[in-house]
Amino acid sequence: MSPHQHSPTPAAGVERALAHCAELTRISSLEGAIERVHLSPEHKIANALAAAWMQEVGLETWQDEAGNQCGRLEGPEPGSPALVLGSHLDTVTDAGAFDGMLGVMLAIEVVDRIRHSGRALPFALEVIGFSDEEGTRFGNALLGSRAFAGEWDDAWWDLDDRKGVTVRQAARTFGLDPAAIGGAARRPDDLVGYLETHIEQGPHLIDADRPLAVVSSIAGARRFALTVTGRAGHAGGTPYARRRDALVGASEIIVEIERIAKRTGTVATVGRVRAFPGGVNVVPGVARFSLDLRAEFDADRDAAFDEIEDFARRVCAERGLAWEAEEFYRADAVVCDPVLRDAVADGIRATGDPDPMVMWSRAGHDGMAVAAVTGFAMLFLRCGNDGISHHPDEIVSSADVAAALDAFEAAVLAVADGYRAR
Ligand code: HGY
Ligand code: MN
Ligand code: MN
């Protein structure tokens, strides 16, 4: 293992994690904005950087068959079960600097601290930078963590990006062998669990004036491509009574989506809308829009979608339009492992907070996939600017990052104590 190049002072770890996040912001497919998507040249560069930082703290590194960047500190004997720490290295388009990346960098710093402390853990410690939490390039998401969990679906090889490049083609260009994807799958017996530190991506910690929280569960999400079809026509010559305006119909539905979500306590977002043919002097014949629908409980999410569809069908019937809904992503709500969740709470207590805040995550995370193969838990840290995320104004304070790093390290030690005592 490479000799330590790190100073063990706590502040150094915080600065280094933030400096590494800043360095990753420069690895982008966009000028002046951050976008790093699955199996892209930027993904490869980010993996190489993360691998180098992992090696600096003594981790043996490899890239798995799904493009996840991995590092391992062996346990008491070769092949020891591993506690995995990490998050994702990919981003949305026009992203912030911390969603995912900070969690990977803090995992590396925890390894550095534990190595400096000389503490021997009863298990191996791994760090992982998942390759596709966001699903920005191919629509479906969690491709890296689903491969890690042994949940890969061969139908995903045929998903394609905006240029028509399939996952299979992109994987080969990236240097992966699609036939070997099964090699990324981990076995439950090889894992102690998965811990992730992540910015909250919302205002709840700000409103509670707390830097940290332990996550109870992750909201389940479903994503749809919705299409309303009418008939294009002349913007001047087509009387209203004869119009089948797809965009006006879609607009009625989109406004009602928000009303239904607010009333049912679910979270719905229409992030993308397109009208065809798109001429300023043409009545839109087709309107396509996305729907991202989430809830703490899947039954609430699914009931809300049924209400949305009923309304959409009524509007379309009244306006002589056709309705089509295609679901392209689904990840059900997952509950954090109680033992690991208690360890995260112990980690927060170790920072001097006797009564850790508990909240469910409105944002999705790789834990939704990892839960299929091992228990997981999450530590949230406050993000500033009213909790804004998936936006370049995403921000964290170094004080909150320091608290998160202390809590994350203490949580790992709490898992170790529990593991020894089991
Ligand atoms: O969409 C989400 O909630 C996550 O940031 N991918
Ligand atoms: Mn995100
Ligand atoms: Mn994220």
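In each ligand, atom 1 is the first atom listed, and ligand 1 is the first ligand listed. Worth knowing before you read on, the calculation uses all heavy atoms, side chains too, and leaves out hydrogens, waters and symmetry mates.
- There is no side-chain donor-acceptor pair under 3.5 Å between Ser28 and Glu35.
- The closest side-chain heavy-atom distance from Ile34 to Asp94 is not below 4.5 Å.
- Cation-pi geometry between Arg222 and Phe305 is met: under 6.0 angstrom from the ring centre, within 45 degrees of the axis.
- Using modelled atom types and a 3.5 Å distance limit, the side chains of Tyr194 and Glu196 yield a donor-acceptor pair.
- For ligand 1 and Arg294, the ligand atoms under 4.0 Å from any heavy atom of the residue are 1 (O), 2 (C), 3 (O).
- Close approach to Ala363 involves these atoms of ligand 1, each under 4.0 Å from a residue heavy atom: 3 (O).
- Taking any N or O of Asp292, backbone or side chain, none lies under 3.5 Å from an N or O belonging to ligand 1.
- Heavy atoms of Met368 found under 4.0 angstrom from ligand 1: none, in either backbone or side chain.
- Here Arg362 has no heavy atoms under 4.0 Å from ligand 1, in either its backbone or its side chain.
- In terms of protein heavy atoms, atom 6 (N) of ligand 1 is closest to Glu134 OE1, 2.7 Å.
- Under the 3.5 Å distance criterion, with hydrogens and angles disregarded, no donor-acceptor pair is assigned to the side chains of Trp62 and Gln69.
- The Mn ion (ligand 3) has no N, O or S atom of His365 inside 2.8 Å of it.
- Taking distance alone, with nitrogen or oxygen atoms compared against 3.5 Å, Gly364 approaches ligand 1 more closely than that limit.
- Asn385 and His391 share no side-chain donor-acceptor pair at under 3.5 Å.
- Atoms of ligand 1 lying under 4.0 Å from at least one heavy atom of Arg223, given by number and element, are 1 (O), 2 (C).
- Relative to the six-membered ring of Phe311, Arg314 misses at least one condition, a distance below 6.0 Å or an angle of at most 45° to the axis.
- In this structure, NE2 of His88 and OD1 of Asp99 enclose an angle of 90° at the Mn ion (ligand 3), rounded to 10°.
- In this structure, the protein non-hydrogen atom closest to atom 5 (O) of ligand 1 is His390 NE2, 3.0 Å.
- Distances from ligand 1 to the non-hydrogen atoms of His88 include no value under 4.0 Å.
- A salt bridge links Glu409 to Arg113: at least one charged side-chain nitrogen sits closer than 4.0 Å to a carboxylate oxygen.
- Side chain to side chain, Thr166 and Arg168 fail the donor-acceptor criterion of an N or O pair below 3.5 Å.
- Here Glu134 does not reach the Mn ion (ligand 3): none of its N/O/S atoms is less than 2.8 Å from the metal.
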